[in-house]
Amino acid sequence: MVRMIRKAQVDSSDGARVRDWITTYTSYMAERVPSGGSVTSWTESYGAYGVIYWMIDAPDLASLDSFLEALPNEQGYRDILLAGSELFVSGQTSDMLLKSI
């Protein structure tokens with residue numbers, strides 16, 4: 001099992017719009033994640049304001065890589081990214097990969 005953690009910093013005071021976008025983005029990815037995987041979204045409650053995390057679980061690195069490489073080729077995914085492009089701080093998104101022990 002592998003887990004990718006995507007972290008992004010919100011750059012909008014329109015909380016309802018941000019939540020709606022996060023729900024749409026997370027749902028889109030969750031519908032396409034490899035079998036046996038999952039996608040969930042999280043926010044810090046007692047930390048920095050507006051830090052969002054996505055936990056993307058996959059059975060192995062090969063299936064995670066395949067999933068992540070296919071997404072940008074889908075028009076629906078590109079449309080979602082464009083719709084949320086001004087909601088987050090540019091250049092402040094990062095990914096981290098964890099492997100189970």
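These values consider heavy atoms only, across backbone and side chains, with no hydrogens, waters or symmetry-generated copies.
- Minimum interatomic distance between Leu68 and Pro72 (heavy atoms only, all atoms of both residues): O-CD, 3.1 Å.
- With rounding to the nearest 0.5 Å, the separation of CD1 in Ile101 from CE in Met1 is 14.5 Å.
- Between Arg32 and Tyr28, some side-chain heavy-atom pair lies under the 4.5 Å cut-off.
- For the pair Trp21 (side chain) and Ile80 (backbone), a donor-acceptor distance under 3.5 Å is present.
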Distance-only donor-acceptor pairs under 3.5 Å for side chains of residues 5-12, two or more places apart:
unit_1 : atom_1 : unit_2 : atom_2 : d
Arg6   : NE     : Asp95  : OD1    : 2.8
Arg6   : NH1    : Tyr25  : OH     : 2.8
Arg6   : NH2    : Asp95  : OD2    : 3.0
Gln9   : NE2    : Tyr49  : O      : 3.0
Gln9   : NE2    : Gly50  : O      : 3.4
Ser12  : OG     : Asp14  : N      : 3.1

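- A donor-acceptor pair under 3.5 Å is absent between the side-chain atoms of Ser66 and the main chain of Ala62, judged by distance alone.
- Residues Arg3 and Leu97 have side chains not in contact (no heavy-atom distance under 4.5 Å, counting atoms from C-beta outward).
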Under the side-chain contact (heavy atoms from CB on, under 4.5 Å) criterion, do Leu64 and Ile56 qualify, and how do the steps go? CA-CA 8 Å; Leu64 177 66; Ile56 304 166; 3.8 Å; yes
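- To the nearest 0.5 Å, atom CZ of residue Phe67 and atom CE of residue Met4 are 8.0 Å apart.
- By the 4.5 Å heavy-atom criterion applied to side chains, Ile52 and Ile22 are counted as neighbours.
- One distance of note links CG of Leu87 with CG of Leu81; it measures 11.5 Å at 0.5 Å rounding.
- Thr26 places no side-chain N or O within donor-acceptor distance of the main-chain N or O of Ser41, the cut-off being under 3.5 Å.
- Side-chain N/O atoms of Trp42 and Thr40 include a donor and acceptor closer than 3.5 Å.
- Residues Trp54 and Val51 do not share a hydrophobic cluster, clusters being chains of Ile/Leu/Val/Met/Phe/Trp/Tyr side chains in contact below 4.5 Å.
- Proximity of a side-chain donor or acceptor of Arg78 to a complementary backbone N or O of Asn73 within less than 3.5 Å is detected.
- Taking hydrophobic clusters as Ile, Leu, Val, Met, Phe, Trp and Tyr residues chained together by side-chain heavy-atom distances below 4.5 Å, Val2 does not share a cluster with Met96.
- Transitive grouping of hydrophobic side chains (ILVMFWY, heavy atoms separated by less than 4.5 Å) brings Met29 and Val33 into a common cluster.
- Between the side chain of Ser63 and the backbone N or O of Ala58 there is no donor-acceptor pair closer than 3.5 Å.
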